[in-house]
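Accompanying notes for the structure given below.
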Amino acid sequence: MPLLILGVFIVVPIIEIAVFIQIGGQIGLWNTIAVVIVTAMIGTWMLRAQGLKTLDQARRSLERQVFPVAELFDGMCLLIAGVLLLTPGFVTDAAGFLLLAPPLRRALRTWLWSILQRGEGTRIWTVEENEWPEAGSGGTIDGEFREIHPDSPWGPDRDRETGGKPADDTRRLGDNGAERGR
């Protein structure tokens, strides 16, 4: 792995320099510099728009109490795309723009997921909505839990900073969903 990283740090700059020389010879020095700056600006604008969209999708997933795996992967791809787009060069810009394409990120996520599932040490079990394993089917999940009663000092509607008393802005909902008292 260290050899691969060293190779990338040597090969990528050599490729970038060669492409700079070729393009600079075709369109001139200042036009080449202008293209690099413009692609960085366009990439930054696209990165910001897609990053905010991904953040909003992650927020909505969390509101539905679903772990935002796809959004985290997209965020990681966008982070890598941002680094590539801000690195001067045409090859890194091309790779960065490719990572900004949602269909490519989806394909990459699917490919990586299939590799993870094939791994011998990886066990992936998903539960569809209201679909739990039958008793005795071997679908046991080991874990730890702590039961918190609603009237305990650290219950779900209590605030540690107020010493266990309900926070001032805590609103309780009645059985019918209507707000009742503060």
Side-chain angles (χ1 to χ4, degrees), residues 1-131 141-144 159-161 167 169:
M1 185 67 164
L3 200 56
L4 177 69
I5 293 173
L6 180 63
V8 167
F9 279 109
I10 293 173
V11 172
V12 171
I14 290 172
I15 292 172
E16 288 289 7
I17 291 169
V19 171
F20 268 125
I21 291 170
Q22 289 294 318
I23 293 178
Q26 297 290 324
I27 64 173
L29 173 68
W30 294 110
N31 288 337
T32 303
I33 292 172
V35 168
V36 169
I37 292 171
V38 168
T39 57
M41 291 171 58
I42 292 171
T44 303
W45 175 76
M46 290 176 67
L47 183 66
R48 181 177 183 267
Q50 288 192 21
L52 291 174
K53 181 180 176 186
T54 302
L55 186 62
D56 186 53
Q57 290 171 342
R59 182 188 53 77
R60 283 187 276 151
S61 291
L62 289 172
E63 285 175 354
R64 292 189 324 265
Q65 297 182 354
V66 174
F67 191 74
V69 177
E71 290 82 3
L72 287 175
F73 183 80
D74 283 351
M76 185 180 67
C77 287
L78 292 174
L79 177 68
I80 294 168
V83 169
L84 291 171
L85 287 168
L86 292 177
T87 302
F90 293 103
V91 176
T92 54
D93 283 354
F97 279 118
L98 285 174
L99 283 176
L100 288 179
L104 180 70
R105 288 197 311 262
R106 259 191 310 278
L108 189 60
R109 184 174 58 236
T110 302
W111 174 74
L112 189 60
W113 185 253
S114 69
I115 288 175
L116 287 174
Q117 285 180 323
R118 280 185 289 189
E120 287 184 28
T122 307
R123 300 286 184 261
I124 300 172
W125 180 60
T126 59
V127 177
E128 297 299 323
E129 191 172 331
N130 299 325
E131 216 178 277
I141 301 174
D142 285 334
E144 295 180 8
D159 185 5
R160 289 182 186 265
E161 294 170 3
D169 63 346

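Shown here are the side-chain hydrogen bond (donor to acceptor under 3.5 Å, both in side chains) partners of Thr39, two or more places apart in sequence or in another chain: Asp93. Evaluation of the side-chain contact (heavy atoms from CB on, under 4.5 Å) rule for Phe67 yields Val69, Leu72 as partners, not counting sequence neighbours.
In this structure, Met41 places its CE atom where only 12 or fewer heavy-atom neighbours from other residues, nucleotides or ligands lie under 6.0 Å away. Remark: Leu3 CG is loosely packed, at most 12 non-hydrogen atoms of other residues, nucleotides or ligands lying under 6.0 Å away. Residue Gln26 qualifies as open at atom CD: its count of foreign heavy atoms under 6.0 Å is 12 or below. Crowding of Arg59 atom CZ: a count of heavy atoms from other residues, nucleotides or ligands under 6.0 Å exceeding 12.
In this structure, Asp56 does not pair ionically with Lys53, as no charged nitrogen and carboxylate oxygen lie closer than 4.0 Å. Using a cutoff of 4.0 Å between basic side-chain nitrogens and carboxylate oxygens, Arg109 and Asp74 are scored as salt-bridged.
Once rounded to the nearest 0.5 Å, the distance linking CG of Leu47 with CG of Leu52 reads 9.5 Å. Between atom CZ of residue Phe20 and atom CD1 of residue Ile15 there is a gap of 13.0 Å, rounded to the nearest 0.5 Å. Taken to the nearest 0.5 Å, the CD atom of Gln57 stands 12.0 Å off from the CG atom of Leu62.
Looking only at side-chain heavy atoms (C-beta outward), Glu71 and Ser61 come within less than 4.5 Å of each other. At least one side-chain heavy atom of Leu78 sits less than 4.5 Å from a side-chain heavy atom of Thr54. By the 4.5 Å heavy-atom criterion applied to side chains, Gln50 and Arg105 are counted as neighbours. The side-chain heavy atoms of Leu112 and Phe73, taken from C-beta on, include a pair separated by under 4.5 Å. Annotation: side chain of Thr92 is not in contact with side chain of Leu85 (no heavy-atom distance under 4.5 Å). At least one side-chain heavy atom of Ile27 sits under 4.5 Å from a side-chain heavy atom of Val35.
Under the 3.5 Å distance criterion, the side-chain polar atoms of Glu16 are matched with a main-chain donor or acceptor of Val91.
Closest approach of Cys77 to Leu108, counting heavy atoms only: SG-CD2, 4.2 Å. Considering all non-hydrogen atoms of both residues, Ala81 and Leu100 come closest at CB-CD2, 4.1 Å. The minimum heavy-atom distance between Thr87 and Val83, with the atom names listed, is OG1-O, 2.7 Å. Scanning all heavy atoms of the two residues, the minimum distance from Thr32 to Gly24 falls at OG1-CA, 3.2 Å.
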